[in-house]
Amino acid sequence: MRHLANLKDLSGEDIQDILAKAAEIKQNPGDFRTLLAHESLAMIFQKTSTRTRISFEVAMTELGGHSIYIDWATSNFVLSGIEYETEYLSRNVSSIMARLLHHSDLEKIIAGSQVPVINGCCERYHPCQALTDILTMQEHHDGDIRDARLTYVGVQNNVSNSLCLICDKLGIQLTLATPEPDDNGESQDADVREIIRTSANVNHTTDVQAAAQDTDFIYTDTWIDMQYFINPDSADEKAAVMKRMLPYQINRDLLEGSDCRIMHDMPIHDDYEITAEMVRDPRSIIFPQAANRLHAQKGLLWWIYQEAGNL
Ligand code: CP
C-alpha cells in the first residue's frame, strides 16, 4: 500500500510519474472525469488550510470521487485513540489525507489505517507542496528541469525540508539561503540535515544577495509557523523574527537586475517574508503555483489509487 508521508520512500521515478500524470490530467481533464468514481477521501484537519483543503476537495470532485472534511476538534478524534478512529475511518473510505501538528500523529494514522494515507502538511514535511512546486517550475523552465536553479530564502522549515528531499531525488540544484540552521525548531530532520551536508544538489549559504542573483527561481515561505502567526501571545516573537530575518525578505532591492521567477507556497504575510509589490511583480508565478496544487493532487491521487488496484 502506498502512503505519502514525507517523500523519503518515493524514488525519483515515482515522483516523475506523479508529475507526468499531473501534467497529463491538467492537459486533458475530460479523459479523467471518472478516474476515481465511487472513491472517498477523508480529509482530517488539526490546523487551518485554504489550498490543501480546496485542492484535494476539487481534485476528488473533478476525478469523479468524493471527499469528506473532518475537523479534528469537532470529531471524536479528540476523545479517543487515533488508531481506533483511523481504523474505523479506513473501513468506510478508500484514502485519507491528514494535516496535523505532529508527524508522530501521522505515523499513528498510517499504522491504524487499512487504506493509503497522505501527509497534507505537518511540522516537518509538506510533500504535496513540493510536488506542486516542481510541477510549476517545469512549466516555467525551458529544457531539462535538472538544469534549473532554485533558491529558497528565509527560515528552514517543513517546506524547505520537502524541497531538499525532492530536489535531492530529482537532481535539481537547490540553494537554501537562510541564517545558520543551528536551530530550526520542531521542523528539524536528521535526513534533511544530512542531505544539506552531503548532497551534490543541495547547498546552504547565508549570502542571500549572491544567491538571489544566481538563480532561476526564488522561493520563500512564512517566517513563523501559521498556528503562531495570529496568536496575540506571539507578538514579541514576531517582532524579534522580523528584525532578525529582514535581510532575507524578498523585495525590490534583493531582486534588482534579476529575471528569476518568484515563488511562495502561500498564505502570504505582506512585508514580512515578501513585499506586496513582489507578490504582484511580473516575475511572480505565485498564483499559478498555488493553482497547481489542484493538478499535483490529481497526479498524486492517481499514483496512490493505481497501486491500490482501484484503477
Ligand atoms: N500552501 C498551503 O499548504 O496552503 P494552505 O495552508 O492554505 O493549505
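Read the numbers this way: they start at 1 and go in the same order the structure lists the ligands and their atoms. In what follows, residues are counted from 1 in the order of the sequence shown.
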Based purely on interatomic distance, does [X] place a nitrogen or oxygen under 3.5 Å from a nitrogen or oxygen of ligand 1?
| X | value |
| --- | --- |
| T52 | yes |
| M266 | yes |
| R53 | no |

Of T136, D133, T132, the residue whose pairing with N292 passes side-chain hydrogen bond (donor to acceptor under 3.5 Å, both in side chains) =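 When side-chain hydrogen bond (donor to acceptor under 3.5 Å, both in side chains) is applied between N292 and each of T136, D133, T132, only T136 qualifies.
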inquiry  = Apply side-chain hydrogen bond (donor to acceptor under 3.5 Å, both in side chains) to residues R99 and Q46 and explain how you reach the verdict.
reply    = CA-CA 6 Å; R99 165 163 290 195; Q46 282 181 340; over 6 Å; no
inquiry  = Only heavy atoms of D265, strictly under 4.0 Å: list the atoms of ligand 1 that pass.
reply    = 1 (N)
inquiry  = Regarding Y305 and S94, do their side chains bring together a donor and an acceptor under 3.5 Å, going by distance alone?
reply    =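 Side chains of Y305 and S94: pair found under 3.5 Å.
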request  = Identify the heavy atoms of F56 and M43 that sit nearest to each other, and give their distance.
outcome  = CB-SD, 3.6 Å
ask   = Do D189 and K8 meet the salt-bridge criterion of a basic N to acidic O distance under 4.0 Å?
value = yes
message = Within the structure, is a non-hydrogen atom of K47 found at a distance of less than 4.0 Å from ligand 1?
response = no
inquiry  = Please compare Q289, H126, H264 and report which has the shortest non-hydrogen distance to atom 3 (O) of ligand 1.
reply    = H126
